[in-house]
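Have a look at the structure below before the remarks.
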Amino acid sequence: MPERTRVVKIKLPLANAYVLAGNCTVLVDTGAPGDHARIVAALAREGIAPRDIALILLTHGHGDHAGSARALRALTGAPVALHVADVDMVRRGRNRSLSATRWTARILRPFVDKPFEAFEPDICFEDESSLASFGGHGMPGRVIHTPGHTAGSVSVLVEDVAIAGDVMMGGHLGGEIWPVQPRLHYFAEDRIALRQSIARLIALVPRTWYVGHGGPVTMADVERVFG
Ligand SMILES: [Zn+2]
Ligand SMILES: [Zn+2]
């Protein structure tokens with residue numbers, strides 16, 4: 001029987017990164033610029049060496065998730081995969097303009113909208129796919145296109161769990177307050193697409209949603225807030 005995938009949350013100063021450890025190990029997101037050492041230290045606490053990482057998957061191209069991708073690719077030797085619709089951001093090392101969903105987001109924007117080290121992703125994908133097809137052999141997860149926060153946002157479904165990036169967030173101020181309460185993210189490029197992506201994920205019934213800030217949130221709470 002295949003080994004059950006273990007999900008490890010790595011809480012970084014701005015965002016979360018995740019490790020999916022099963023028959024092979026995938027890093028989902030890389031934090032902001034300068035977070036690579038924190039991620040390597042968190043991996044070490046789990047008994048995972050940088051070279052054990054088979055794939056780095058980015059949920060989207062914002063600097064608080066893609067900011068240490070270049071450094072972590074050098075440390076792990078793993079290819080970096082990103083949806084084609086967000087590639088322009090990582091090539092420039094700049095976010096597209098962050099459109100705020102409420103006034104508090106406008107106040108936060110200058111603190112989170114920072115440049116990062118530009119890079120060329122190794123795998124630019126457009127179609128939904130299994131993680132195994134990106135070189136994560138033995139990894140049962142699949143990538144679902146969940147646009148709205150950005151055009152190239154994706155989520156990973158592994159067994160009964162979703163790694164949903166910034167499709168929503170947990171709590172306020174990066175999860176410092178009520179981290180398990182699902183909330184509309186501070187920023188969204190397309191709010192209609194975002195609602196559709198959340199509805200689509202709900203229909204896929206993940207029990208636990210691991211999000212980019214705060215969390216995890218439960219399916220019951222997501223349905224209560226967004227259903
Ligand atoms: Zn984002
Ligand atoms: Zn984020």
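Whatever order the structure lists ligands and atoms in, that order sets their numbers, starting from 1.
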Worksheet item: Between the side chains of T59 and D29, does any donor sit under 3.5 Å from an acceptor?
Response: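 The answer is yes; a qualifying pair exists.
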Practice prompt. Look at E117 together with R92 and state whether they make a salt bridge at an N to O cut-off of under 4.0 Å.
Written response: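 Salt bridge: no.
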Fill in: Note: E159-R207 ion pair, threshold 4.0 Å (strictly below)
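No salt bridge links E159 with R207.
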Discussion item. Would you call the rings of H185 and F187 parallel, tilted or perpendicular, taking 30° and 60° as the class edges?
Written reply: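 Tilted, since the angle between the ring planes falls between 30° and 60°.
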Worksheet item: the Zn ion (ligand 1) is nearest to which N, O or S atom of H62?
Response: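 Restricting H62 to its N, O and S atoms, the minimum distance to the Zn ion (ligand 1) goes to ND1.
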Item to complete: Give the name of the N/O/S atom in H60 that lies closest to the Zn ion (ligand 1).
Response: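 When I compare the N, O and S atoms of H60, NE2 is nearest to the Zn ion (ligand 1).
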Worksheet item: Which atom, counting only N, O or S, brings D64 closest to the Zn ion (ligand 2)?
Response: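 Within D64, restricted to N, O or S, the Zn ion (ligand 2) is closest to atom OD2.
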Fill in: Pair H65 + H213: ring centers closer than 6.0 Å
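Centroid separation for H65 and H213: below 6.0 Å.
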Worksheet entry | the Zn ion (ligand 1) to nearest N/O/S of D166 below 2.8 Å |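 Within the cut-off used here (under 2.8 Å), D166 does place an N, O or S atom near the Zn ion (ligand 1).
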Practice prompt. Please confirm if an N, O or S atom belonging to H185, backbone or side chain, lies less than 2.8 Å from the Zn ion (ligand 2).
Written response: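 Under 2.8 Å: H185 has no N, O or S contact with the Zn ion (ligand 2).
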